[in-house]
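Residue indices begin at 1 and follow the sequence shown.
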Amino acid sequence: MIFLSILILIVAIALPSINKNIRTILYVRISSIIFIYAGALAFNAFYIQSIGSGIGIYSGLFQVTVISQLLDVFIFLIGSFILISWPSYSTKINVIDSIPYAREYSLIVLFSSLGASLLVSSADLISMYLSIELQSFGVYILSTLYRNSESATSAGLKYFLLGSLSSCLILLGSGIVYTYSGLTHLESIYNLISVSENTQILQGITLGIVLIIVGYLFKVSAAPLHNWAPDVYDDSPTIVTIWLTIMPKISILIFLLEIQSQIGNSLLTVFSFSLKNVLLISSLLSLIIGTVVGLAQSRIKRLFAYSTISHIGFILLALAINTEQSIDSFLFYIIQYSLTNLNTFLILIGLGYILKNQSILESFQDIKYITELKGLFFNNPVLSLSLTICLFSMAGVPPLLGFFSKQFVLYSAMQSEYYFIGIIAILVSVISASYYLKIIKVLHTENKEIVEDSNSQSPLSSFHSFMISTLTLFILFFILKPSILLNSTQLLALSLFYY
């Protein structure tokens, strides 16, 4: 369905070249409507009685289940929320100048989201690789989309080269698995593992799966494979960074959950490390590096890059434990991470619009340094308070949404007797609060250079403002009605654990 929608958008993009008077087609808005429509169709699949435990399509390359459809709905909704954060069309800024590469951006994110949707439903090594490449090529192009920026070009090139290396690892792992098993269908590989007693075959399959997992850990910027993330996030425009920090990670982490839940506890590698230990080592390094290195950052997007690495450490910890309770906390953390990061970057984009209108920023919609936020509380208290709430949530301050996500992961770790890494996670969570507090301090420090212009028109669209308000209130008042989200993640965890 979304593929047909992409074709429709291509036709819409061609219209201005046919009729030069058609210059007001809002490509980004069309794309967001496509996402919402795709999500509605995915939600409608819940009522298909024959879906049961899954329907194989395209000769078994993809397995459509209720779980995959629900995750598709979440991916498409997050995508539509990101696209809606483009600038208002009623501002003083010229329409064409304020939305550079809007057509290309809209088309690329649709293709990337199509890859993410296919990866969630992948049931074969071939479809897995094609899906992750479709998603990856989209984000590679997004990183270099703003060709007039030298930093964006270098970021995209770095992302492409290192991302291609991780793709090679995934392809190599898939080849090794096929060499030892003669199979590409994932369920057939799981069945072979459960009945095979040939140690050589099991070791070969495990080596291949470890390489696949390492390739995916690279793509989600888990330590020690994280070096590309701070540079790419910092050099890309904020409207691109918001996509990079959320969308590619959702589908990859869900796919890793499928691999870990099926075979994570049953195999040993040639180095006598289980897949669980690979994830635990990466989790521990991500927690430490993301926290310690983040303390020294003065550029805001680099700081959020290391914050993301730290959050990935919590997610991988829940993934490695692989119990029903940890899967519940894993899904809850992904949802919390996506919503909180989405709101944080929506606010940063909004603050960038405001600073540009006041001629404080040199480049539109792009805040580079933490010091550029100085005194914004006195000029725009609503956005500043919303950003403060998001930062406190990331730090895990109760009773905000982020506190409960970390609590659930740590409780799962302690219940499963992972005391050492649980204590490390608690310590780094406390330490990481300091660099969030640094941003909050700058926000609430008076800056005499900022003069409030009461006659200036808000550059934020009404829906942009509505999204920030809704997400902020959800993060703030989640404690009043937590069952709305907790029941959903619990049902998903039950389905995934016993699937």
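Between Ile212 and Met128, some side-chain heavy-atom pair lies under the 4.5 Å cut-off. Between Leu287 and Thr291, the closest side-chain pair of non-hydrogen atoms is not below 4.5 Å. For the pair Leu134/Ser112, no side-chain contact is recorded, criterion being any heavy-atom separation below 4.5 Å from C-beta on. Counting heavy atoms from C-beta on, the side chains of Leu376 and Leu387 never come closer than 4.5 Å. A heavy-atom distance below 4.5 Å is not found between the side chains of Ser282 and Val278. The closest side-chain heavy-atom distance from Asn277 to Leu280 is below 4.5 Å. When side chains are defined from C-beta on, Leu257 does not count as touching Leu253, because their heavy atoms never get closer than 4.5 Å. With a 4.5 Å cut-off on side-chain heavy atoms, Asp328 and Phe408 do not count as touching.
For the atom pair Phe403 CZ and Ser393 OG, the distance stands at 11.0 Å (nearest 0.5 Å). Once rounded to the nearest 0.5 Å, the distance linking CG of Leu339 with CD1 of Ile475 reads 7.0 Å. Distance CD1/Ile141 to CZ/Phe160: 9.5 Å, rounded to 0.5 Å. For the atom pair Ile250 CD1 and Leu119 CG, the distance stands at 12.0 Å (nearest 0.5 Å). Interatomic distance, OG of Ser32 versus CG of Leu110, reported as 9.5 Å (0.5 Å rounding). Distance check, rounded to the nearest 0.5 Å: CD1 of Ile75 to OG of Ser80 gives 12.0 Å.
A ring-centre distance under 6.0 Å is found for Phe478 and Phe332.
For Ser121 (side chain) and Leu118 (main-chain N/O), no donor-acceptor pair under 3.5 Å exists by modelled atom type. Judged by distance alone, the side chain of Ser117 and the main-chain N or O of Ser113 form no donor-acceptor pair under 3.5 Å. Checking side-chain atoms of Ser326 against main-chain N and O of Ala318 turns up a donor-acceptor pair under 3.5 Å. Side-chain atoms of Thr470 come within 3.5 Å of backbone atoms of Phe466 as a donor-acceptor pair (strictly under, hydrogens ignored). Here the side chain of His444 pairs no donor or acceptor atom with the backbone of Gly375 at under 3.5 angstrom. Of the possible polar contacts, one joining the Ser432 side chain to the Ser429 backbone as a donor-acceptor pair under 3.5 Å is found. With hydrogens and angles ignored, the 3.5 Å screen pairs no side-chain donor or acceptor of Ser283 with any backbone N or O of Leu279. Under a 3.5 Å cut-off, the side chain of Trp228 and the backbone N or O of Phe218 do form a donor-acceptor pair. Between the Ser310 side chain and the Tyr306 main chain, no donor and acceptor come within less than 3.5 Å of each other. The backbone N or O of Phe377 sits less than 3.5 Å from a side-chain atom of Ser384, completing a donor-acceptor pair.
Screening Tyr337, Tyr233, Phe345 for a ring-ring contact (aromatic ring centres under 6.0 Å, His included) with Phe304, the sole residue that qualifies is Phe345. Among the candidates Ile315, Val409, Asn322, the single residue satisfying the side-chain contact (heavy atoms from CB on, under 4.5 Å) test with Phe330 is Ile315.
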Inset, instruction - Before giving the answer on side-chain contact (heavy atoms from CB on, under 4.5 Å), spell out for Leu331 and Ile254 the whole-Å C-alpha distance, their side-chain angles and the decisive distance to 0.1 Å. - result: CA-CA 8 Å; Leu331 295 171; Ile254 295 300; 3.8 Å; yes

Inset, instruction - Report the C-alpha distance between His311 and Lys406 in whole Å, list the side-chain angles of each, state the deciding distance to 0.1 Å, and finish with yes or no for side-chain contact (heavy atoms from CB on, under 4.5 Å). - result: CA-CA 9 Å; His311 287 298; Lys406 290 186 177 182; 4.2 Å; yes

Inset, instruction - Before giving the answer on side-chain contact (heavy atoms from CB on, under 4.5 Å), spell out for Phe76 and Ile34 the whole-Å C-alpha distance, their side-chain angles and the decisive distance to 0.1 Å. - result: CA-CA 9 Å; Phe76 294 146; Ile34 289 173; over 6 Å; no

Legend entry - Step-by-step side-chain contact (heavy atoms from CB on, under 4.5 Å) determination, Leu211 to Ile170: CA-CA 6 Å; Leu211 289 175; Ile170 295 173; over 6 Å; no

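For the residue pair Thr472/Asn343, the side-chain donor-acceptor check at 3.5 Å is satisfied.
Gln135 approaches Ser251 most closely through the heavy-atom pair OE1-OG, 2.7 Å. The two atoms that bring Pro248 and Val139 nearest to each other are CG-CG1, 3.7 Å, heavy atoms only. Minimum heavy-atom separation, Val220 to Lys249: O-CE, 3.5 Å. A pairwise comparison of heavy atoms in Ile78 and Ser338 identifies CD1-CB, 4.5 Å as the closest pair. Closest of all the heavy-atom pairs between Ile309 and Ser286 is O-CB, 3.4 Å. Considering every non-hydrogen atom in both Phe35 and Gly79, the closest pair reads CD1-C, 3.9 Å.
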Using atom types as modelled, flag every donor-acceptor pair under 3.5 Å from a side chain in residues 433-440 to any protein atom, sequence neighbours excluded.
{"unit_1": "Ser434", "atom_1": "OG", "unit_2": "Ile431", "atom_2": "O", "d": "2.7"}
{"unit_1": "Tyr436", "atom_1": "OH", "unit_2": "Ser307", "atom_2": "OG", "d": "2.4"}
{"unit_1": "Lys438", "atom_1": "NZ", "unit_2": "Gln297", "atom_2": "O", "d": "2.8"}

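Residues forming a side-chain hydrogen bond (donor to acceptor under 3.5 Å, both in side chains) with Lys219 (at least two apart in sequence, or on another chain): Ser136, Tyr140, Ser166, Ser167.
In summary, Arg302 and Asp231 engage in a salt bridge, as defined by a charged side-chain N under 4.0 Å from a carboxylate O. Ion pairing between a basic and an acidic side chain is recognised when a charged N comes within 4.0 Å of a carboxylate O; Asp234 and Arg299 show such pairing.
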